[in-house]
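Below, read A as the first sequence line, B as the second, and so on, with proteins coming before strands; counting in each chain starts at 1.
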There are 2 protein chains.
Amino acid sequence: MTPIDKSLLTGSTTMLILKLLEGTDMYGYQMIEELNLRSNNVFQLKAGTLYPLLHSLEQKDMLASYEKTVEQARVRKYYSLTAKGRKYLREKTEEWQVYTAAVNHVLGGGSFATT
Amino acid sequence: MTPIDKSLLTGSTTMLILKLLEGTDMYGYQMIEELNLRSNNVFQLKAGTLYPLLHSLEQKDMLASYEKTVEQARVRKYYSLTAKGRKYLREKTEEWQVYTAAVNHVLGGGSFATT
DNA sequence: TTCTATATATAGATGATCTATATAAGGAGG
DNA sequence: CCTCCTTATATAGATCATCTATATATAGAA
């Protein structure tokens, strides 16, 4: 078993964003709402967290973006998954499973003395 | 469903340490080895992470410590769970379950268009 | 004697997330 | 009409967990 990427502990946000985009292209504000909805209000992602994250993911070619004007004048910036982003999502999802399995193993391991 | 403590994403280390001590009193170095063992090498906690964490947990009355001299001259600092630490462990374990359930719900949610 | 493992400790860097703030346009209520 | 709330994106600065690097000291192995 290889050691897991430490940033997963804190970095599950990226994985969740990519997962949302696996379904449809979305714009930032919509992602915040969707995550909140699909997680039963557990994830209340802040705009100040999301937008810089989207920019950095686009820079890394995980995401591509395009603008779309809706209802008269409002402009939204839609994001879509790239092939690279799709691959990254697969990897992170696997790591997440390894990580949670390990935590649950420790948590469920009961109290056996090892003195 | 109340929003979860954000530090859980990154803060599962504290929970795991407390969980170890639920079984027996342990000294720092031993915790690193035990975590590595019980998690199949997924958690390779660094000394530079653990010791400051133990100090801060002791300051917050989550842990109590005592020294013990073993094999001639070697001195080890053992830590034990306090009542407060035990309570905190229960709370964090619950939050962990809520958090992982939410992530898994998003991950398993499939790709249904919400355009 | 030198290297590795045991054992604890602290300083400084990194990185993810948050708060606060800014801009701008639309709709609702007074 | 004016003000407030929601939608929508954006950036600067703060916070906090963890990591790397380093230090000290002892024991045992090469």
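- OP1 or OP2 of D/dA10 lies within a sub-4.0 Å distance of a side-chain N or O belonging to A/Lys77.
- Contact between the side-chain N/O atoms of B/Thr13 and the OP1/OP2 oxygens of D/dT18 is found at a separation under 4.0 Å.
- In summary, A/Arg90 and A/Glu94 do not engage in a salt bridge, as defined by a charged side-chain N under 4.0 Å from a carboxylate O.
- Between B/Arg38 and B/Leu20 the shortest side-chain heavy-atom distance falls below 4.5 Å.
- Straight-line distance from the CZ atom of A/Arg76 to the P atom of D/dT9: 8 Å, rounded to whole Å.
- In this structure, B/Tyr78 and B/Glu67 have side chains that are not in contact, with every pair of non-hydrogen atoms separated by 4.5 Å or more.
- Taking atom CD1 on B/Ile17 and atom C1' on D/dT18, their separation rounds to 13 Å, with Å as the unit.
- Within the structure, a side-chain polar atom (N or O) of B/His55 is placed less than 4.0 Å from OP1 or OP2 of C/dT10.
- A cation-pi arrangement, defined by a distance under 6.0 Å to the six-membered ring centre and an angle within 45 degrees of its axis, is absent between A/Lys77 and A/Tyr27.
- Regarding B/Tyr78, its OH atom lies at a distance of 11 Å from the C1' atom of C/dA7, rounded to whole Å.
- C/dA9 atom P lies 13 Å from atom CD of B/Gln59, rounded to whole Å.
- A residue-by-residue look at B/Ala47 and B/Leu53 shows that B/Leu53 has its nearest nucleotide of DNA chain D further toward the 5' end.
- In this structure, A/Lys68 places its NZ atom 12 Å from P of D/dT9, rounding to the nearest Å.
- Residue A/Gly48 is classed as a base contact, given a heavy-atom separation below 4.0 Å to a base.
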